[in-house]
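Accompanying notes for the structure given below.
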Amino acid sequence: MIDSGSVKQMAGHPFDRRDFLKVLGWSGAAVALSGCGNTSVEDGRETVVSYVEANDYMVPGVGVYFNSTCAQCDAGCSINGRVREGRVLKLEGNPDSAINKGRLCGLGQAGVQHHYNPDRVREPLLRNGNKGEAISWEKAYALIAEKLAGVSGEEIAFLSGGVSGHLKVLLGNYLDSLGTKNHFVYEAIAPSVVRAANLKAFGVEMPRYRFDKAQVVLSFGADFLGSWVSPVHFSQQYAQFRKGVNGQRGVLIQVESKMTLTGANADRWLAVKPGTEGVLALGIINALGMATGEVAELVKGYDKARVSRETGVSTGQIDKIAALLKLRSPSLVLAGNAAEGYAHGSQNAAAINLLNQVLGNVGKTIEAPVSVPFPQMVPSKGNTVALKNMNDGLAAGKYKVVFNFAANPVFTAPGAFKFKDNFAKAGFKVAFAHYLDETALQADLVLPLDSALEDWGTQVPEYMTEGAQINIQQPLMERLHANTRGMGDILLGLIKQKKADEYKGFEDYYAYLRGAVLQNKGALGGGGVEDDTFWNDTLTQGIVKLAGTTTSLAAHASAAGLVLPAAAEADEHFPLHLIPGVTASLRDGRHTNQPWLQESPDPLTTIVWDSWVEIHPKKAAELGIVEGDIVQVTSKTGSVKAQVYLFPGIHPEAISIPVGRGHDAMGRYAKGYGVNPFQIMDAVFEAATGELAMHETRVKISKTGQRVLVVKDEGSAGALQMGRKIAGRVSTDQVDLSKEV
Amino acid sequence: MKDIREDIAWAKINQDVMKSLENPRKLYWVILFLALAAFGFGVGCEIYQYRTGMGVENVNNPQVWGLYIATFIFWIGMSHSGTLLSAILHLMHADWRKPIYRFAEAMTTFSLMTAGLFVMVHIGRLWQFYYSLPYPNDRGIWPNFQSPLLWDAMAIFTYLSSSVLFLFVGMIPDLAIARDNMQPGWRQKLYTLLALGWEGTDRQWRNFRVTYLTIACFLIPLAVSVHSIVASDFAMSQQPGWHVTSFPPYFVAGALYSGCAAIITLFIILRYVFRFETYMTLPILKKIVRLTFAIAMVWTYLNAVEFAAVWYSHDEASKAVLIQKMTGTYAPFWWGMIFCGSVVPLVFAFKRFQTNIPVLFAVSLLLNLGMWLERWMIVAPTFSHGYYPWTWDHEQWPSLVAWGMVFASFGWFTLLFMIFCKVFPSVSMYEVKEMVYHRTLHLKKSENAEQGAH
Amino acid sequence: MYRFLRFPILLVGLFLAASSFAANSSQPALTTEDSLGPQVQQPIEFPHNRHAGLKDASDPAKGGMEINCQYCHTYARRSAVAGIPPLQKCIGCHQNIESVRNKPRIVELFKYWDAKKAVPWKKVHDLPDFVRFNHERHIKRFVEQQDRPVQEACGYCHGDVKEMTVARRQKSLAMGWCASCHEKDHPVVAEGGTPIAGQAYWYSFQKPAAAVDANTKARGPNDCWQCHK
Amino acid sequence: MSVSNLLENWAQVRHEHPNNDKPHDPYKWAMAIDLDACTGCNACSIACYAENNIPVVGKERFQHGQQMHWMRVERYWDEDGREFPDQGFQFLPMMCQQCEAAPCETVCPVAATNHTADGLNSQIYNRCIGSRYCSANCPFKVRYFNWYDYPTDEMVWPAEMQQQMNPDVSVRSKGVMEKCTFCVQRLSAAKVKAKGEGRIVAEGEVQTACQQACPTSAISFGNLVNPDSRVHKQWAAQQVELDKDKQAKNEEEEASELRGYRILEELRAYPSVMYLERVRESAV
C-alpha cells in the first residue's frame with residue numbers, strides 16, 4: 001500500500017501512538033464539504049490543523065495503517081485500518097492473516113459505520129419509565145452492585161453472543177465470582193447441528209475444509225461464499241478451486257430449496273423439496289455404487305426413482321452427479337443451513353457426512369482442524385438451545401438479574417418464544433450495547449460500549465486455516481464519545497466489585513490484556529524477547545501465529561441410526577415452507593443500521609432497504625401474485641406483511657423472507673425498514689440436538705390488495721440481457737483455461 | 001374572398017393599431033394575470049429546485065434529461081414560424097403575411113428566450129453557468145468546442161440576437177408612427193428613442209429596405225441551422241433512437257409545424273383581444289391553415305422515414321427503442337403524438353373547417369400538444385431503453401416541480417408576448433398600408449383590364 | 001440631426017462597458033505579477049523575516065538568520081500538505097534563547113505550550129478542496145533533482161517570504177496561474193545534473209527523447225486529474 | 001492561458017486515444033475482471049463507497065433511481081422457459097469503463113471530463129455545470145449525478161459519519177456528475193512516490209479499492225503498458241487488443257477458446273476493462 005511504510009515506523013511506539021490516535025483538530029469535514037462549492041478559498045479564515053508535539057512519523061496528510069481484527073462477524077478476519085489525522089477512514093484486509101489474506105468482505109468494510117454510527121449509545125442509561133436517563137458510570141456500577149447484593153448465582157443469567165479470547169476468560173471469571181453458571185451463549189444463526197453431526201462423524205465439530213484441493217464441491221445448502229462460517233477465506237479457496245489444476249476447473253453443485261449466493265455461483269443448482277437433502281445424499285451414495293456393508297444396506301432403498309420422486313431432482317441429474325463425483329476426486333460435500341434447519345437436520349447432516357466418507361474425502365479435502373493451545377480462550381460457540389433454556393428460565397421467572405451482551409434476542413428469538421414478554425419478567429436487566437436495539441430498549445440499565453475500532457481485545461476464530469492464530473483487536477482511533485467503555489473495562493470494573501484484590505494490579509483492560517499476553521509470551525512464540533518488544537511486535541502484526549494443537553480426525557460416519565423421515569405431508573392450512581434467508585451482509589440483523597449494508601443491493605434480488613418475500617414465478621402465477629404485491633405471510637405463530645419478489649431460484653413449495661431487517665429500534669438506518677421473519681417463526685426443534693429448526697415453519701400467504709414498487713437496482717429488463725452481450729458465459733467444453741494467466 | 005379590404009383608410013389603420021396599445025378587451029388582462037400567476041409558480045419551483053437540487057425534477061441516473069430538455073426543444077421549435085413568416089415569405093413576396101408577421105416574429109423572440117431559460121433551469125449548477133461561455137478567464141481553459149451543447153448555446157444566442165434585430169428593424173417605421181401619435185409620456189420617449197429618428201425620407205426607406213432584406217436573408221439559414229444543431233444534440237450522440245441521420249430535417253419540419261400551429265392559436269387570440277378582425281382576416285387564416293397542413297404532412301412523412309430507416313437498419317438497439325415507444329411505458333404518449341401530429345391536422349383538409357375559428361383554435365392547441373409530446377418522445381424513451389438493459393425503465397415520472405416549470409414557461413412566454421403586444425404595434429401598420437395599396441393597384445389593374453375588354 | 005444614433009450609441013456603450021469590465025475582472029494573473037492577498041491576522045505575529053531573512057553583516061541582532069524553510073516546514077518534503085510545524089518545534093529553540101524570552105510574542109507562545117494547546121494559525125495559502133497540490137513533488141523536482149535554492153523553489157508559489165513578517169499570499173494561485181508554469185518548456189535536469197532515467201516521461205506526453213541532457217525541455221503534467229481530485 | 005493555449009494544445013486534448021504516433025507511455029491503467037471468479041458478493045461496491053465518499057441516498061431516492069453506486073454488481077440469469085436458473089446466475093461488476101474514445105468526453109460543454117495521459121477518463125467535479133450530457137451519451141450508464149446536496153443531508157452524512165470521509169477525494173455537492181475514477185487518488189499517490197524515486201509504478205504497488213477488497217481476486221488492475229503486469233498478461237493471453245473494435249480472434253473461422261471480451265465493443269468506445277466470461281461445467 002501507498003504509505004504502509006509508516007506501519008513499521010510506528011512499531012516501537014504504542015504509547016505515542018495513542019497520542020497519534022487523537023483526532024487532530026477536526027475541521028476536515030467542513031473543508032471537505034465546501035468542496036465543489038462556489039468559493040471555498042478563504043485565506044485567513046480557516047485554521048490550520050497542527051500538533052503541539054509530534055513524532056517523526058506523524059506527518060499531516062499521510063495515512064498510517066494499523067492492524068486489528070474485524071468484529072463484524074466471528075470469522076476473525078484481520079484488518080488493516082487506514083488512519084489519517086487521527087480518524088480511521090477505511091478498513092482493508094491484513095495481508096498477513098491466513099484467514100483473509102488482505103481481503104475483506106462488504107460487511108467488514110462497513111465496520112467503520114459501526115464505529116461512526118450516529119445512533120450509538122453515548123451515556124449509561126437508566127430506565128425511568130419509558131425513557132433512559134443518563135447516569136454516571138460510578139452510579140451504574142453501584143447500581144449493579146446493589147442489585148446483585150443478596151442474589152444467588154442461580155438467579156443471575158448472562159446472555160451473550162459468541163465470545164472468545166481474553167474477554168471470554170474475564171467473563172468466565174466474573175460469572176464465577178457471581179457464583180452463577182447461567183451463561184447462555186446464543187447465536188441466532190450458527191451451524192450448531194452440523195457441528196454436532198461433524199463431531200459424530202469426524203470427531204471434531206468443524207474440520208478444516210479444503211475447497212482448493214477439491215475437484216468437485218457438492219454443497220447441501222452451505223452458503224460458504226456468503227455467510228457460512230468463514231466466507232472470505234472460503235471465497236479465496238473457491239477462487240483457487242475454480243482455477244483448478246492444469247485448467248481442470250473445479251465444479252460446484254449446490255443443492256438447496258432457496259438459492260443462496262453460493263447457489264448462484266454453482267455450475268448446477270438443484271432445487272430440492274425442502275428437507276429432502278439427506279434423501280438426495282443417500283440417493284447419490286446409491287448411484288455411486290461405491291458403498292459397502294451397512295452403508296450399502298442403508299442406501300439400497302434409495303434408488304433413483306424414489307429419490308427423484310421425493311426430492312424433485314431428475315434421475316438423469318443424479319446419474320450425472322454420481323458420474324462426475326466418481327470421475328473427479330477428491331471432492332468435498334458440505335452440509336449447511338438448509339440441510340440442518342429441519343427437525344431431522346442431524347439426520348440430513350449425517351447422511352451428507354456419510355457421502356463424504358464414501359467418497360473418501362475425509363483426510364483429503366476434510367482435514368483436521370487446529371486450535372489454540374489455550375482452551376480457555378477457544379470461542380464459546382453460540383447456539384439456539386441456549387436461548388431456549390434461558391427463555392424457559394425467564395418464563396418461569398427464575399432470574400432476578402439478567403445481563404445481555406452481543407446478542408439481540410428480543411429481535412432474533414422466534415415469535416413462538418414470546419421472548420420479549422418473558423424478558424420483562426426478569427428483575428433487573430442490564431444490557432451492554434452499542435445501540436439501543438430491541439433488547440437494550442427492554443433493559444433497565446444500558447451500558448454504552450466502545451466500538452470495535454476503539455476497544456482492546458483478543459479474538460480467537462473458531463475456524464482456523466494454516467496454523468492457529470490469536471487475533472489482536474486494538475483501537476484505531478480515540479474514543480468518539482467520551483463516555484463509552486470497552487466491554488473488557490466494564491467487566492474488569494464489575495469483577496473488581498467482587499474480587500478487588502485479585503484484579504487490583506490491572507488499571508484497565510489494556511493492562512490486563514498486556515499482562516495476560518506477556519505472561520504467556522513463551523507459548524505465544526516470544527520466548528526470549530523483551531516484553532516491550534514482543535508486545536509492540538504483537539500489536540504491529542495484529543496477529544499472533546501459533547503452531548496450534550491439531551485434533552485428530554476420524555472417519556467414523558456410519559449408517560447406524562440414520563433414519564430419514566418420509567417427506568412431510570403438505571399441511572393443508574399452511575402449505576408453504578418458510579425459509580429464512582440469511583444474507584451475507586445482514587446476517588442476523590445486528591449490523592442493519594450500517595447504511596452501506598442497507599443500500600448495498602441483495603446480490604440475488606438486488607433489493608435494497610427493505611424485506612421481500614421470494615416466490616417462484618410459477619407459484620406466484622398460481623396464486624395470482626405479481627411483483628410488488630404486498631402479501632400477508634401467516635404462520636401458526638403470527639404474520640407479517642411484505643412485498644413480493646418473483647424469484648426463480650426457489651422451490652415452488654417454499655417462500656423465503658430474509659432475516660436481519662424489520663427492526664423497530666436501532667436508530668435511523670434500521671428502524672422501520674422491512675419486516676422481521678423471526679417474529680413468525682414456530683418453535684420447532686431439531687430432534688437430536690434440540691436446536692431450533694429454522695426451516696420448519698409452515699406458512700400460508702394471502703394478497704392484501706396493496707402493491708408497491710419494489711426498490712431494487714435491476715431495471716425493467718430484470719435479469720435479461722436482451723440479446724446484448726453484457727455478461728458472457730461459456731461452457732467448459734468451449735473454452736481452454738490452461739493458457740490463462 | 002380577399003385577404004384585406006381595399007377601402008381601409010390609412011389613417012384608420014393607424015388608429016386601429018394604435019388603439020391596440022391603449023385599450024384591449026378585458027380578456028387581455030385575464031390572460032396577463034394567468035400568465036403572471038403561472039410564471040410566479042415557476043419562479044417558486046425554480047427557487048426550490050435551485051436550493052434542493054435537481055432531484056426534485058424526479059429524473060434519475062440513467063434518465064438524466066427530462067421534461068426540461070423536451071420543453072426546451074419545443075420552444076426552440078416554436079421560434080421557427082416567425083422566421084418562416086417574416087423572412088421566407090418576405091422573400092417570396094407573399095403579401096398576406098403582412099398583418100401577421102409582426103406578432104409571429106415576436107413569438108420567435110420570446111419563445112427563444114423561453115427556451116434559453118430551460119437551458120438554465122436544466123443545468124445542475126446554474127451558478128457556474130459562465131463556465132460554458134468562451135471568454136478569457138483566469139482558469140486558462142475554454143469550453144469544449146466539440147460539444148453539440150456548446151454549438152447549441154451559440155446558435156441559439158446568435159439566432160436570438162438576429163431575431164431581436166430583425167424584429168426591431170422591421171418595426172422602425174411603425175415606431176415612428178407610434179411616436180408621432182402618442183401622447184407625451186414615457187411611451188413616447190421610448191418610441192422616440194427606438195424610432196432612431198425615422199422621418200420616412202426616401203433615403204431612409206431605401207436603406208431600410210436593403211437592411212431588412214439583408215437580415216431576412218441572413219436569418220433563414222440561421223433558423224434552419226439552429227434547429228439542425230438542436231437535432232445534433234441528439235443525432236451526434238451515440239444513443240439508440242437518437243443517432244439518426246434524418247434528425248436535422250425532421251427537427252426543422254417539426255419546428256415549422258409547431259410554430260405554425262402556435263401562430264394559428266395566437267392569431268385567433270390576438271384577433272379577438274385587440275379587435276384586429278379587419279386586418280387578421282379569415283382568408284389569411286385560411287392560408288396559414290393550408291400551410292400548416294402541408295408542413296404537417298411533411299412532418300408525418302419524415303416520421304415515417306425515420307421509422308423505416310430504423311426498421312431497415314440492422315441496429316437492434318434502435319429498433320428496440322422504437323418498439324418500446326410504441327408498446328412500452330410511453331406508448332400512450334407516443335400514440336398521442338401520432339394522433340395529434342398526423343391525424344388531427346387532417347381536419348385542415350376540409351374547406352369548411354379552414355375558417356371555423358372554434359375548430360381551428362381547438363385543433364391548433366392539439367397540434368401544439370402533439371408537438372410537445374413529440375419532443376418528449378424523442379428525449380425520454382431513449383433513456384429508458386438505451387444500450388444497457390440493466391438500467392432500463394427505472395421509475396421516472398416528472399414531478400410536480402417539473403410540470404410546474406413547464407406550465408410556467410407558457411406563462412412566461414405569454415407574459416412577454418402580451419406585454420409586447422400592448423407596448424408595440426403587433427400589426428405592421430406600414431406594411432398593411434402597402435398591402436392595401438397593392439390591393440388597390442390590383443383592383444385598378446383589373447378594372448382597367450375589364451374596361452379595356454369592353 | 002443624428003438623433004437616430006442615440007440608441008445604437010447607448011447599446012455600443014453598454015457593450016463596451018460590459019466587455020471591458022469582463023476583460024478587466026478576468027485578467028489572468030501571470031507568474032510575474034505579484035498581488036498581495038489579504039492581510040491575515042495571526043494569533044502570534046510570526047516574523048518570517050527574522051527567521052529566514054538574510055543576515056545583516058554589520059549587526060547580527062538586526063537582520064535575519066537565514067534558516068532554511070525546511071527546517072521548520074518539514075512536512076513539505078514528505079507529504080502533499082506542508083502543514084504547520086508543531087509547537088514543539090518553536091519551543092525546541094526558544095527555550096534556549098533567553099534573550100527574547102520576555103518578548104510579548106514569545107510569552108504568548110509559551111502560554112500555548114504550557115496549556116499544551118496548538119496555536120490556531122490561520123491559513124494563508126488556502127487552495128480549494130478539490131485541488132490536490134503536492135508539496136513533496138515540487139520540492140523533489142526543484143530542490144532535490146534540479147538543485148534550486150530552497151527559498152527560490154518555495155518562492156515560486158509563496159513569494160519572497162523572507163521579506164515578510166506574517167506570511168501573505170503573493171501569487172494568485174488561480175488555475176491559469178498554475179497552468180502558466182506547467183505549460184512552459186522547462187529543462188528536465190539541472191545544468192550538469194545527472195539525467196534520471198525516464199525523466200522525460202514525466203513532463204510531457206511525448207515519447208522520451210533518445211537522450212536526456214541538460215538541454216532537454218519538457219512541460220509539466222497538464223491533465224486535469226493531476227491537480228483536481 | 002490564452003488563445004495560444006486554445007490553438008496550440010487543442011488538438012492534444014482529444015489526442016489521447018492510443019495510436020501510432022502517441023502510444024500510452026509509461027502508463028495505461030486497465031482492468032480485467034474474471035466473471036468466473038466473481039461471486040457477486042458486493043464487497044467491491046461497499047469498498048468503493050468507503051474509499052470514494054459515495055453518499056448513501058436512502059430508500060426513497062433509490063426508488064427514484066437516484067442511487068450513486070459507482071460500482072454496481074449486476075445479476076443475470078437465463079430466462080428461457082426453464083423452471084429454475086439451474087446453472088446459477090451471472091454476476092457482473094459494472095463501473096466506468098474508462099473508454100479510450102469515450103462518448104462522454106466529447107459532448108461535455110465545459111470539458112469537465114477529459115482523457116488523461118495514462119488512459120483514464122477524468123471527471124473534474126468543480127468544472128462540471130451539470131448538463132448531464134455525458135451520462136446521456138454513456139452506453140454503459142455508469143455516470144451518477146448528484147441530484148441532491150448529499151453532504152449537507154443529515155440522513156446521508158450525519159456529523160459523526162463525516163469523519164469517515166476520505167480527505168483525498170472531493171466530496172461532491174449537488175449538481176455535479178461523478179463516476180468511478182479507478183481510485184485516481186491512489187494512482188496519484190503511487191505515481192508521486194515513484195516519480196520521486198525516478199522510476200515508474202511497479203506492478204502490485206497500487207490497488208483500486210474494489211480490487212483490494214475482492215475476496216476471490218476476480219479484479220486485476222494495473223498498467224497495461226507494463227509487460228510484467230498481470231493485466232497486461234491477461235489481455236495478451238486473451239488476445240484482446242485495446243485499440244480494436246473487433247478482435248482478430250473473433251474473426252477467425254474457428255470459435256475462439258478464449259473468454260476475454262469487452263462490453264459493447266462494437267460501439268468503438270474502446271473500453272479499458274476486459275471481462276472474462278463466466279464458465280459453466282458442461283458435464284453436469
Side-chain angles (χ1 to χ4, degrees), chain B residues 51-65 69 119 122-132 134 136-153 233-234 236-240 242 317 379 382-383 386-391 393-396 399, chain D residues 1-3 5-6 10 13-14 57 61 63-69 72 74-76 92 94 103 105-114 126-150 153 173-177 263-264 267-269:
Chain B
R51 304 174 119 206
T52 316
M54 292 308 295
V56 299
E57 193 195 344
N58 203 8
V59 274
N60 59 39
N61 275 328
Q63 312 184 42
V64 288
W65 291 353
I69 291 292
V119 176
H122 164 80
I123 63 171
R125 299 208 302 166
L126 180 52
W127 49 96
Q128 304 289 40
F129 176 73
Y130 61 91
Y131 281 175
S132 59
N137 58 67
D138 60 4
R139 293 173 294 282
I141 43 174
W142 296 81
N144 179 11
F145 293 106
Q146 229 175 357
S147 167
L149 223 50
L150 201 73
W151 311 342
D152 216 12
D233 279 351
F234 299 91
M236 295 272 172
S237 83
Q238 217 181 5
Q239 297 300 305
W242 287 359
V379 175
T382 287
F383 280 116
Y387 279 119
Y388 211 78
W390 186 257
T391 61
D393 274 334
H394 277 286
E395 184 257 9
Q396 192 248 352
S399 65
Chain D
M1 154 70 230
S2 56
V3 179
N5 177 15
L6 180 65
W10 188 254
V13 173
R14 299 286 178 227
V57 300
R61 287 169 189 165
Q63 176 174 349
H64 291 306
Q66 293 163 341
Q67 62 269 39
M68 303 296 288
H69 47 28
R72 58 174 188 246
E74 296 165 5
R75 176 273 285 122
Y76 300 98
L92 180 100
M94 188 72 199
E105 286 172 13
T106 50
V107 296
C108 176
V110 292
T113 179
N114 293 288
N126 54 304
R127 176 70 177 169
C128 176
I129 59 168
S131 77
R132 276 111 75 196
Y133 202 169
C134 51
S135 172
N137 206 20
C138 173
F140 309 97
K141 301 295 178 204
V142 284
R143 296 180 144 260
Y144 298 93
F145 188 71
N146 281 275
W147 297 107
Y148 294 95
D149 203 25
Y150 297 112
D153 190 323
S173 62
K174 69 179 174 212
V176 298
M177 191 60 81
I263 296 173
L264 299 179
L267 294 180
R268 298 192 179 178

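Worth saying up front: this structure is predicted, and the values here are computed from it rather than measured. Chain naming here is simple, since letters A, B, ... match the order of the sequence lines and numbering starts at 1 in each.
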*D233(B) versus chain D, the contacting section by heavy-atom distance below 4.5 Å*: both
*Nearest 0.5 Å please: distance from the CE atom of M54(B) over to the OH atom of Y148(D).*
10.0 Å
*Distance-only, no hydrogens or angles: does the R132(D) side chain make a donor-acceptor pair with backbone N or O of Q63(B) under 3.5 Å?*
no
*Heavy-atom pairs under 4.5 Å with chain D are the metric here; pick the option from A153(B), G124(B), S237(B) that has the most.*
G124(B)
*In terms of heavy-atom pairs under 4.5 Å, which option from L267(D), D149(D), L92(D), N146(D) contacts chain B the most?*
L267(D)
*May I ask you to name which of A269(D), C128(D), P103(D) has the most heavy-atom pairs under 4.5 Å with chain B?*
C128(D)
_Part of S132(B) lying under 4.5 Å from any heavy atom of chain D_ = both
_Exercise: do R72(D) and Y144(D) side chains pair donor with acceptor under 3.5 Å_ = yes
*Relative to chain D, which segment of V59(B) carries a heavy atom at a distance below 4.5 Å: side chain, backbone, both, or neither?*
both
_Please rank L150(B), L149(B), V64(B) by heavy-atom pairs under 4.5 Å with chain D and give me the top one._
V64(B)
*asked:* Within the 3.5 Å criterion, strictly below it, is a donor on R143(D) or T113(D) matched to an acceptor on the partner's side chain?
replied: yes
*Hey, is E74(D) close enough to K141(D) for a salt bridge, meaning N to O under 4.0 Å?*
no
_Test of ring centre spacing under 6.0 Å for Y133(D) and W65(B)_ = yes
*Heavy-atom distance under 4.5 Å to chain B: side chain of L264(D), backbone, both or neither?*
side chain
*Per-residue contact mode, W242(B) against chain D (heavy atom under 4.5 angstrom)*: side chain
*How far apart are the closest heavy atoms of Y388(B) and P139(D), and which atoms are they?*
CB-O, 3.4 Å
*Give, as side chain, backbone, both or neither, the part of R75(D) having an atom under 4.5 angstrom from any heavy atom of chain B.*
both
